[in-house]
Amino acid sequence: MHIHYQCTEDMNSRKLLSETRRTFPATKACCQQPSRILIVDVTSPSWANTCSVLSEALENSLCLACSLTGPCRIPLLSLYLVQNQQECLLPFVHLKENFARVQACISELRSLSREGCFPQGGIGVVQAVQDGLQQFKQYSRHTAAGGSANSSVEITILTSQSGKEIVKQLERKLQDVDLVSLRKIQVIEVLKRDFLEPEDVEQCIPAEEPSSSDIAILGMDIDLQTIEDNVISLEMLFKTWLHDCGSEREHLHLLLPSGGLTRGTAPKPNLMCLKCDLQERLIDPALLSGTTDGTLRTADLNSPCQMTAWPATMLYKLQVVKALKSEGVCESVLYGLPFIIKPTSCWQLDWDELELNQHSFHALCHSLLKRKWMLLAKHEPQNNCPSWNVAVHSYYIIVPSDSATLLVKPVAVRELLMPSAFPALLAEQPERVQSPIESALNSLEVEVAYNPLHLKSNLYKYLKSMLYRPLHRQQPQPRDQRPERHQPKQHQSRAKATVAPLLMAPSPAQLFRPAVVRRDSCTPSFLPTEDDKILQ
């Protein structure tokens with residue numbers, strides 16, 4: 001259960017924050033996804049408990065990110081470790097091209113559970129933030145000449161110390177630091193289940209996109225959360241990195257009748273427009289490289305029969321044509337992946353317009369739920385592509401829920417519907433066949449609701465094996481026959497609290513310390529433990 005602290009007292013302060021953020025247009029990158037800096041604070045006696053679950057959750061999430069086709073959702077990743085002082089475990093790397101290096105860093109994280117704990121201080125976290133920002137600034141300078149569009153970064157701090165104290169230190173120490181490239185800081189306080197309040201334990205299923213509390217530091221947000229130290233909660237935290245983080249514009253216009261109609265009158269030409277964002281509910285299996293035989297393709301952005309939430313390259317318009325009773329929609333005519341519809345968070349809209357749009361969206365959710373209605377909406381392509389001469393209209397069902405979101409799914413039309421026969425079911429069945437069926441059903445365990453977190457498919461293990469496979473094929477020559485200049489020091493060795501060397505940077509010898517000699521020479525397995533912790 002995420003615990004959020006609201007630090008802005010009223011709407012005026014939030015409005016000021018929005019206006020302040022508008023004064024920093026440079027923080028919005030052309031590449032929508034920000035680079036990521038993960039800072040792991042191990043200066044806590046509970047680190048030994050957190051170490052294994054954090055390593056497994058991070059490895060699972062990153063192997064998924066590396067396996068997704070299409071534009072990279074985590075363009076650059078850097079990892080810092082805070083012990084008695086901060087260390088750069090992984091300088092900025094392109095994630096998809098460096099999964100082996102990420103594996104080595106996670107392996108080193110696992111080894112720390114056998115090294116004991118370190119004195120708590122907290123200043124190391126702030127220094128790691130400053131060091132990471134300096135590293136990103138240097139990286140951006142070196143890559144700007146090559147046309148790199150990455151100009152923003154988000155920092156996630158994992159700590160078992162008091163999150164409020166970390167925030168206070170950040171507020172004090174970052175006042176004079178250049179934060180133009182910094183989009184947001186997340187401070188995640190990781191707690192054992194025993195330390196959570198009883199009401200939090202009852203609701204321990206992790207939120208997939210926790211709401212944030214904003215603390216203004218020169219127009220930048222600090223998001224303070226509390227999370228339980230289990231694999232699923234941390235995995236869901238890292239998976240938020242895979243969502244579309246762009247807020248340059250809204251994704252969807254939901255068009256409703258303007259109202260004020262009387263029987264026998266024509267509808268008014270103007271429509272009510274709710275500006276919305278689309279969010280993936282599920283990872284499309286077709287986007288996972290190596291999971292198919294090559295016959296499946298990623299979503300076609302020009303297809304007339306489907307929308308896509310990633311990447312958000314076009315503005316969709318759905319015009320509501322009629323309402324439907326919830327019990328009157330057959331599941332067999334719904335197809336494709338569902339998407340979540342939310343009120344937009346587009347930063348270019350005026351604050352008053354954002355607020356009115358959000359309230360109107362929530363009112364729609366409330367009214368649909370109260371009436372037990374769904375909406376039928378029509379989508380018309382914005383561009384007439386050369387592949388067809390006639391505009392093809394696709395239709396969608398919009399489903400309310402008891403949350404402040406809507407669910408949208410494509411619905412079949414006449415051209416797609418196949419003939420089917422549905423014979424009537426007899427009221428009574430012969431006892432000789434009914435009894436065995438009843439006995440079989442009675443032996444099943446019954447759950448009140450389906451929870452996907454309780455099921456595993458070994459997908460993570462499979463993806464890791466596929467990511468390893470190209471590495472095993474690339475063995476051109478034995479190590480002892482390689483040229484001397486191709487024998488770098490072990491890349492998994494940690495950089496000592498300094499800005500990591502970059503391409504075209506000065507000699508690495510000036511920036512790195514020698515590799516750390518471990519007391520424990522055992523190399524931990526890269527694969528996760530056999531049994532995931534399942535949230536009860």
Side-chain angles (χ1 to χ4, degrees), residues 244 249-281 299 301-309 312-346 349 353-384 390-417:
D244 181 12
R249 65 175 184 179
E250 62 271 22
H251 303 159
L252 170 71
H253 284 179
L254 186 59
L255 305 176
L256 294 162
S258 57
L261 300 181
T262 59
R263 190 176 301 274
T265 61
K268 295 181 180 180
N270 57 320
L271 298 172
M272 179 188 302
C273 177
L274 297 182
K275 298 180 179 180
C276 310
D277 289 336
L278 288 175
Q279 180 179 293
E280 291 167 299
R281 183 66 177 97
L301 299 182
N302 295 321
S303 171
C305 298
Q306 61 182 336
M307 295 190 301
T308 177
T313 56
M314 63 178 64
L315 174 65
Y316 296 103
K317 291 185 179 181
L318 290 183
Q319 182 173 347
V320 176
V321 294
K322 62 178 61 178
L324 302 169
K325 293 287 187 180
S326 296
E327 63 273 13
V329 179
C330 178
E331 288 285 342
S332 67
V333 299
L334 302 178
Y335 67 94
L337 291 174
F339 293 108
I340 304 296
I341 302 180
K342 308 183 300 181
T344 187
S345 57
C346 175
L349 298 181
E353 183 181 359
L354 274 176
E355 186 180 15
L356 176 60
N357 184 78
Q358 184 181 70
H359 290 329
S360 300
F361 185 91
H362 293 169
L364 174 63
C365 296
H366 177 77
S367 297
L368 290 177
L369 196 62
K370 182 177 65 175
R371 297 176 183 226
K372 298 182 179 179
W373 280 6
M374 297 180 181
L375 297 178
L376 178 64
K378 179 178 71 173
H379 169 248
E380 184 172 342
Q382 300 298 305
N383 300 315
N384 290 326
V390 180
V392 177
H393 304 282
S394 55
Y395 288 82
Y396 293 84
I397 291 292
I398 298 174
V399 185
S401 71
D402 55 0
S403 68
T405 61
L406 299 170
L407 188 73
V408 59
K409 289 195 67 175
V411 64
V413 292
R414 186 178 74 179
E415 295 91 336
L416 299 179
L417 197 63

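The two atoms that bring Ser360 and Leu274 nearest to each other are CB-CD2, 3.6 Å, heavy atoms only. Heavy-atom minimum distance, Glu250 versus Leu315: O-CD1, 3.6 Å. Considering every non-hydrogen atom in both Ala323 and Trp373, the closest pair reads CB-CE3, 3.4 Å. For the residue pair Arg249 and Asp277, the shortest heavy atom distance occurs at O-OD1, 4.2 Å. For the pair Ile341 and Cys276, the tightest heavy-atom approach, listed with the atom from each and the gap, is CG2-CB, 3.5 Å.
Note that CG of Leu406 is 12.0 Å distant from NZ of Lys342, once rounded to the nearest 0.5 Å. Interatomic distance, Gln319 CD to His393 NE2, rounded to the nearest 0.5 Å: 10.5 Å. The distance from atom CZ of Arg281 to atom OG1 of Thr405, rounded to the nearest 0.5 Å, is 9.0 Å. Of the inter-residue distances, the one linking Phe339 atom CZ with Leu252 atom CG reads 11.0 Å to the nearest 0.5 angstrom. Atom CG of Leu407 is separated from atom CD1 of Ile397 by 11.0 Å, given to the nearest 0.5 angstrom.
The shortest distance between side-chain heavy atoms of Val413 and Leu416 falls below 4.5 Å. At a threshold of 4.5 Å between non-hydrogen side-chain atoms, the residues Leu324 and Lys322 count as touching. Considering only heavy atoms from C-beta on, Val399 stays 4.5 Å or farther from Leu375 through its side chain. Between Val411 and Tyr396 there is no side-chain heavy-atom pair separated by less than 4.5 Å. Between His253 and Tyr316 the shortest side-chain heavy-atom distance does not fall below 4.5 Å. Two residues are said to be in side-chain contact when any heavy atoms from C-beta on lie closer than 4.5 Å; His251 and Gln279 fail this criterion. Side-chain atoms of Ser258 and Leu271, non-hydrogen and from C-beta on, never get closer than 4.5 Å to each other.
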Test Leu254 against Val320 for side chain to side chain contact (heavy atoms under 4.5 Å, CB included), laying out the working first. CA-CA 7 Å; Leu254 186 59; Val320 176; 3.9 Å; yes
Would you mind writing out the side-chain donor-acceptor pairs for residues 361-371 within the sub-3.5 Å range, not counting sequence neighbours?
unit_1, atom_1, unit_2, atom_2, d
Ser367, OG, Ala363, O, 3.0

Just list the side-chain donor-acceptor pairs under 3.5 Å for residues 327-334, sequence neighbours left out, or say none.
none

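Residues passing the salt bridge (Lys or Arg N to Asp or Glu O under 4.0 Å) test with Lys409: none are found, sequence neighbours excluded.
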